[in-house]
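What follows is a short report on a single structure.
In what follows, residues are counted from 1 in the order of the sequence shown. We count ligands from 1, going down the list as the structure has it; atoms in each ligand are counted the same way.
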Amino acid sequence: MPEPAKKFPEDFEWGVSTSAYQVEEDIHNDWEQAGIKAGKAIEHRRRFNEDLAHMKHMGLKAYRFSIEWARLEPHKGQWQEQELIACLQRIRQLKAAGITPYLTLWHFTQPVWVAKAGGWQNPQTVEHYLNYVSKVLKVLGPEVDDWLTLNEPEVYAVMAYFKGRWPPFGQSRQQMERALGHLLRAHAQAYQLIHQIDPVARVGLAKSLASLKPLRAWHPGDQLAAWAYPQAFNWSLLAALSGQGPTFPFNWSSIPGLAESLDWLGVNYYARYYISLDGRLMTENGRTATYWDRQNASQDLTELLLHSNTYFQKSKIPVLITENGIHDADDSVRPCYLLEHLQALQQARAQGVNIKGYFHWTLVDDFEWAEAYGPKYGLLDRERHWRSSAYLYQQVIQTGQLPQVLAGCTNQK
Ligand code: BGC
């Protein structure tokens, strides 16, 4: 294996990621309506200057965050332009602090009126989303170069329409497939639209890549499941996005414009799961995995990145790690988790993957969807106290390389 470079490149994008509903106060969207209420979240709006000072002090070069559709268009066609102006101001503040904005246009939430009209089951949601994108681009386009159309569309489709865990709590395979089809249509059309409005924009999306291993390594059924699920939810999508097809089992390559609708690929990676023939995600010892069971396996990130790269041999688009992190209230595992995953990036870079940046999830302990305020993913806690991993990240950014403490890492909770 080639020896990884010791240093990250000078222009590497060191960042953190958030999403609006998970950090901002007083958002009234479909989640709130469905009873999954973030309330004041972590008051990231009121405390923006303070949070920005933390980012600056950490040495961050980039900040990935999302704009909330429900704030901008709380009722159909009634645009709250002042929301865009407020967002513009924060973007200017970030840039003045030397921090590049990466703006996500959709991160799991929509206005109540969209949800009431059928959400992503309804093909008209694609048009409504595009109207919203166009409004945002006209005001923020001149200030933002990097856009994410969607965050983890396949995770959302599974959780909201198949597993019944997120609003609207659907439990049907057909609904899941339909929702995902509409989301991907929305992405493909938004890609074109963003480029029409802002020709210098760079457009990506955040794709979740979970690692799935067969529960019983020797069992053909488990091996089949560990092949089929990533095929369905990871690789068929990357194949369609890179212009290959027809894809199996979902033929996303038939979606107009989806081929070559990426200027860069965002990868969200957290953990490894095990899977057996029946398709359940499990822990290593065969228990059904709960939200809390996320096995750290940084080497799988290298593997997944190398495999992703095979789809983009022709276009050679860059990759950004748009999320990576761990819930760890006492910060006993996060320092090693961080270093080992950065080392996994070095390994992938040494083998030819063009990785442009890394965004840790997340800056401050936030609202974690159905798990509410339970999981603690922050480099900082809610009171904005720095955990030791925050200092470590700061050191990595300052020096552009990993410190020599990896040998002592155990990396498991
Ligand atoms: C989502 C984030 C979430 C994180 C940790 C990701 O799948 O994009 O919104 O907070 O997982 O649970």
Check: Hey, is Asn151 one of the residues with a heavy atom under 4.0 angstrom from ligand 1?
Finding: yes
Check: Is His107 near ligand 1, meaning one of its heavy atoms is under 4.0 Å from it?
Finding: yes
Margin query: Just to be sure I read this right, does ligand 1 sit under 4.0 Å from the backbone of Tyr156, its side chain, both, or neither, counting only heavy atoms?
Written below: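 Neither part.
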Note to self: Heavy-atom distances under 4.0 Å decide this one: backbone, side chain, both or neither, for Gln22 against ligand 1?
What the structure shows: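 Under 4.0 Å from ligand 1, Gln22 contributes side-chain atoms alone.
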Notebook entry, point to check: When you measure from the centre of the six-membered ring of Tyr391, is the NZ or CZ of Arg387 under 6.0 Å away and within 45° of the axis?
Noted result: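 Cation-pi check for Arg387 and Tyr391: fails.
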Atom indices of ligand 1, in the order listed, that fall short of 4.0 Å to a heavy atom of [X]:
X: Glu368; value: 3 (C), 4 (C), 5 (C), 10 (O), 12 (O)
X: Tyr377; value: 5 (C), 12 (O)
X: Glu152; value: 1 (C), 6 (C), 7 (O), 8 (O)

Checklist line | Which residue and heavy atom of the protein sit nearest atom 4 (C) of ligand 1, plus the separation | finding: Tyr270 OH, 3.3 Å
Notebook entry, point to check: Looking at atom 1 (C) of ligand 1, what's its closest protein heavy atom, distance included?
Noted result: Glu323 OE1, 3.4 Å
Check: Would a line drawn from the ring center of Phe359 to the ring center of Trp361 be shorter than 6.0 Å?
Finding: no
Item checked: Ring-ring centroid check Tyr21 Phe367, cutoff 6.0 Å ->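 Between Phe367 and Tyr21, which both carry aromatic rings, the centre distance is below 6.0 Å.
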Next item on the list: Looking only at distances, please establish whether an N/O atom of ligand 1 is found under 3.5 Å from an N/O atom of Trp361.
Entry: yes
Check: Does OH in Tyr373 sit with more than 12 non-hydrogen atoms of other residues, nucleotides or ligands closer than 6.0 Å?
Finding: yes
Next item on the list: Evaluate whether atom NZ of Lys356 has more than 12 neighbouring non-hydrogen atoms of other residues, nucleotides or ligands under 6.0 angstrom away.
Entry: no
Notebook entry, point to check: Hey, is Lys376 close enough to Asp365 for a salt bridge, meaning N to O under 4.0 Å?
Noted result: no
Margin query: Please determine whether a side-chain nitrogen of the Lys or Arg among Arg185 and Glu127 lies less than 4.0 Å from a carboxylate oxygen of the Asp or Glu.
Written below: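 No.
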